[in-house]
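One structure below.
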Amino acid sequence: MSCPGGCGVQISLSLNPDRRPRWSVETDFWGRPTMSPSIHQHRACSCHFWVKKGLIEWCR
């Protein structure tokens, strides 16, 4: 996924249950993804966010 912070960095997230860190993705009735845990991009813009029901929710 492309960083929603606007820096353009591509973020790769592992869904492999044997690796750490790893994320899980669930979709609701409309196919909107919810990812867990939060995503903290440490490279360019250092943004920290959740993806909930297909929307970005910024951590404070």
Side-chain angles (χ1 to χ4, degrees):
M1 77 182 289
S2 183
C3 179
C7 65
V9 167
Q10 288 297 310
I11 300 173
S12 298
L13 304 171
S14 175
L15 302 175
N16 184 336
D18 298 327
R19 299 194 68 177
R20 290 186 182 264
R22 65 175 178 268
W23 283 261
S24 65
V25 179
E26 296 178 5
T27 56
D28 64 12
F29 177 79
W30 292 279
R32 299 176 303 185
T34 294
M35 302 178 76
S36 180
S38 66
I39 301 161
H40 195 176
Q41 190 271 98
H42 294 278
R43 290 184 280 168
C45 65
S46 300
C47 64
H48 189 193
F49 58 95
W50 291 87
V51 176
K52 295 183 178 180
K53 296 182 179 180
L55 299 174
I56 301 299
E57 186 174 304
W58 296 103
C59 296
R60 297 175 187 228

Please report, to 0.1 Å, the donor-acceptor pairs under 3.5 Å made by any side chain of residues 27-35, with sequence neighbours excluded.
from: Asp28; atom 1: OD1; to: Trp30; atom 2: N; distance (Å): 3.0
from: Asp28; atom 1: OD1; to: Gly31; atom 2: N; distance (Å): 3.2
from: Asp28; atom 1: OD1; to: Arg32; atom 2: N; distance (Å): 2.9
from: Asp28; atom 1: OD2; to: Arg32; atom 2: NE; distance (Å): 2.7
from: Asp28; atom 1: OD2; to: Arg32; atom 2: NH2; distance (Å): 2.7
from: Thr34; atom 1: OG1; to: Lys53; atom 2: N; distance (Å): 2.9

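- Evaluation of the salt bridge (Lys or Arg N to Asp or Glu O under 4.0 Å) rule for Glu57 yields Lys52 as partners, not counting sequence neighbours.
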Name every donor-acceptor pair, under 3.5 Å, that has one atom in a side chain of residues 5-19 and the other anywhere in the protein, sequence neighbours excluded.
from: Ser14; atom 1: OG; to: Asn16; atom 2: N; distance (Å): 3.2
from: Asn16; atom 1: OD1; to: Asp18; atom 2: N; distance (Å): 2.8

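- Judged as a salt bridge (Lys or Arg N to Asp or Glu O under 4.0 Å), and not counting sequence neighbours, Arg43 has no contacts.
- Under the 4.5 Å side-chain heavy-atom criterion for Ile, Leu, Val, Met, Phe, Trp and Tyr, Val51 and Val25 are members of the same hydrophobic cluster.
- Residues passing the ring-ring contact (aromatic ring centres under 6.0 Å, His included) test with Trp23: none are found, sequence neighbours excluded.
- In this structure, NE2 in His40 is found 8.5 Å from SG in Cys59, a value given to the nearest 0.5 Å.
- Taking the side-chain hydrogen bond (donor to acceptor under 3.5 Å, both in side chains) definition, one finds that His48 meets it with Ser38, sequence neighbours left out.
- Across Cys47 and Trp58, no two heavy atoms sit closer than the pair CB-CZ3, 3.5 Å.
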